[in-house]
Asker: 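After the structure tokens below, expect a handful of questions from me.
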Amino acid sequence: MSTHTSGSGTTDDRARQPVRRRVSTRALLVAGLVVALLVAGVASYYASSHPDGLEHVAGETGFLDTAEDSPTADSPFADYATKGVDDERLSVGIAGVLGTLVVLVLTGGLALALRRRGPTDPTDQAPDTSDERASAPERA
Amino acid sequence: MHVPDGFLDAPTSVATGVVAAAAVGVALRRARTELDDRTAPMAGLVAAFVFAAQMINFPVGAGTSGHLMGGALAAVLVGPWTGLLCVSVVLVVQALFMADGGITALGTNVVLIGVVTALVGYVVFRALQAVLPHRLGTVAPTAAVAAFVSVPVAAAVFSLLFAIGGTAPVDAGKVLTAMLGWHVLIGIGEAVVTGLVVGAVVAVRPDLVRGARPLVAARELEIRTVAA
């Protein structure tokens, strides 16, 4: 705050705005993805193997036997088990991680293709300059 | 709740397929208004998280389990139309690669798990927001209640579809009662997961939560001191 004599004001601007030091969008996305991958890759092994609500009701009321095998039942990742991987923990983990990444890429790509270009949303133009784009030149 | 092939007859499956396609078509156009440079990557993350979370079946008693559906969660985080698309992509990947949910039943699953939970979840969320104090602290609990409601509603819609086009001669009333009973319990899990996840994102970056945006605009005027 005391170095106002400096010509290029970028560092000073940052010092004046503690708001900027919040969790960056990038950090949030990376943390979220790590959580998703851990859930799908590790925690999934510990999931309950009991039938789900619909399957239970189908069994109880007597229409479970009308279920047909999916045409994709022979897929390499059918039932979240990776074909050829005997270790159960690894088998479900691989299927989970790959599935999570496929969903991420498909949905992320779709969303990027659909998005509006440029900051047309009023909240993007709020005086809060903590948007990542505002600080991008500093990183360059 | 993933419906396998065979539970519903062909006409019902075709009808839900048409409804699903129409809903996704509308969502593809409407999602444009929800997506910008900042929220588009969030949509990818939300879909990835919903896929991962759907692998975690939690026990709800009597040898039965349930897992997150995620429509309400996605709708609050990235908007109802983008949320609907997120869950739809999850369902397509599950059906094609994991054999989770049937292929002729894909439309049914998109309607139940995508359209119904995202739209019901969002409507309940906005309705509660309208009557509750405009504070960021209400966002996560409101999302949790919306998520809770969305699950038995989806169960009721399945029961309705079963009454119309179920292939087995089973009493529709019995199916409805049983579906509602179990999915109220599963809805509690849905509420807990949704509340925790929305609460976590609101705590660090409320501006990235679609459902919190009206509250964030006012909050920008506060003087905040955030630790590095």
Side-chain angles (χ1 to χ4, degrees), chain A residues 18-19 21-23 25 28-29 32-33 35-37 39-40 43-44 47-54 56-58 60-63 66-68 70-73 75 77-80 95-96 99-100 102-104 106-108 110-112 114-116 119-121 123-124 126-128 131 133, chain B residues 1 3-7 28 31-32 35-38 40-41 43-45 47-49 51-53 55-59 63-67 82 85-86 89-90 93 95-99 102-103 166-168 170 174-175 178-179 182-183 186 204-205 207-208 213 216-217 220 224-226 228:
Chain A
V19 166
R21 303 219 182 123
R22 66 183 180 181
V23 176
T25 306
L28 179 89
L29 291 172
L33 182 60
V35 170
L37 289 175
V39 168
S44 56
S48 166
S49 52
H50 289 309
D52 72 4
L54 173 61
H56 178 90
V57 170
E60 193 182 61
T61 57
F63 64 95
T66 61
E68 294 163 11
S70 166
T72 62
S75 120
F77 302 107
D79 294 323
Y80 303 90
T100 303
V102 167
V103 168
L104 174 77
L106 287 179
T107 315
L110 177 67
L112 285 171
L114 290 175
R115 80 188 191 282
R116 287 171 292 112
T120 49
D121 191 292
T123 53
D124 285 350
D128 179 357
D131 190 292
R133 278 166 297 172
Chain B
M1 173 84 69
V3 179
D5 289 340
F7 275 6
L28 283 170
R32 252 173 232 285
L35 291 166
D36 56 34
D37 290 343
R38 287 195 307 170
L45 175 61
F49 180 82
F51 176 89
M55 289 182 72
I56 308 296
N57 278 63
F58 47 83
T64 305
S65 71
H67 62 66
T82 307
L85 294 178
C86 287
V89 171
V90 169
V93 169
L96 292 184
F97 299 108
M98 276 69 189
I103 296 294
T167 50
V170 171
K174 257 171 46 185
V175 172
M179 282 296 282
W182 286 109
H183 286 88
I186 294 169
V204 292
R205 286 294 299 274
D207 58 310
L208 287 180
R213 280 209 176 180
V216 172
E220 297 287 351
R224 283 178 286 172
T225 48
V226 180

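Chain identifiers are assigned alphabetically (A, B, ...) following the order of the sequence lines, protein sequences preceding nucleic acid strands; residue numbering begins at 1 within each chain.
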Asker: Heavy-atom pairs under 4.5 Å with chain B: which of A:Leu33, A:Val102, A:Leu29, A:Asp79 has the most?
Answerer: A:Leu29

Asker: For the interface with chain B, which of A:Ser49, A:Gly99, A:Ala43, A:Ala58 has the highest count of heavy-atom pairs at distances below 4.5 Å?
Answerer: A:Gly99

Asker: Counting only non-hydrogen atoms closer than 4.5 Å, does B:Leu45 touch chain A with its backbone (N, CA, C, O), its side chain (CB onward), both, or neither?
Answerer: both

Asker: Say you draw a straight line from NE2 of A:His56 to OG1 of A:Thr61; how long is it, rounded to the nearest 0.5 Å?
Answerer: 9.5 Å

Asker: Taking side chain as C-beta onward, heavy atoms only, is A:Val39 less than 4.5 Å from B:Met55?
Answerer: no

Asker: Measuring from atom OG1 of A:Thr107 to atom CZ of B:Phe51, what distance do you get when rounded to the nearest 0.5 angstrom?
Answerer: 11.0 Å

Asker: Is it the backbone or the side chain of B:Phe58 that comes under 4.5 Å from a heavy atom of chain A, or both, or neither?
Answerer: backbone

Asker: If you tally heavy-atom pairs under 4.5 Å against chain A, which of B:Leu28, B:Asn57, B:Leu96 wins?
Answerer: B:Asn57

Asker: Which residue out of B:Phe7, B:Phe49, B:Trp182 racks up the most heavy-atom pairs below 4.5 Å with chain A?
Answerer: B:Phe7

Asker: Please enumerate all residues that pass ring-ring contact (aromatic ring centres under 6.0 Å, His included) together with B:Phe97, with sequence neighbours excluded.
Answerer: none

Asker: Sort B:Ile56 into side chain, backbone, both or neither according to what part of it lies under 4.5 angstrom from a heavy atom of chain A.
Answerer: both

Asker: Is there side-chain contact between B:Arg32 and A:Leu114, with heavy atoms separated by less than 4.5 Å?
Answerer: yes

Asker: Heavy-atom distance under 4.5 Å between the side chains of B:Met1 and B:Met179, does that happen here?
Answerer: yes

Asker: If the condition is side-chain hydrogen bond (donor to acceptor under 3.5 Å, both in side chains), which residues does A:Thr72 pass it with, not counting sequence neighbours?
Answerer: A:Ser70

Asker: Can you spot which of B:Thr64, B:Val175, B:Val3 makes a side-chain contact (heavy atoms from CB on, under 4.5 Å) with A:Leu54?
Answerer: B:Val3

Asker: Where on A:Leu37 is there a heavy atom nearer than 4.5 Å to chain B: the side chain, the backbone, both, or neither?
Answerer: neither

Asker: Would you mind telling me which of B:Ala53, B:Pro59, B:Gly166, B:Ala31 has the largest number of heavy-atom pairs within less than 4.5 Å of chain A?
Answerer: B:Pro59

Asker: Who wins among A:Gly108, A:Ala67, A:Ala95, A:Ala73 for the most heavy-atom pairs under 4.5 Å with chain B?
Answerer: A:Ala67

Asker: For chain B, which candidate among A:Ser75, A:Ala111, A:Ser48, A:Gly53 shows the most heavy-atom pairs at distances under 4.5 Å?
Answerer: A:Ser48

Asker: Measure B:Val90 against the heavy atoms of chain A and call it side chain, backbone, both or neither at under 4.5 Å.
Answerer: both

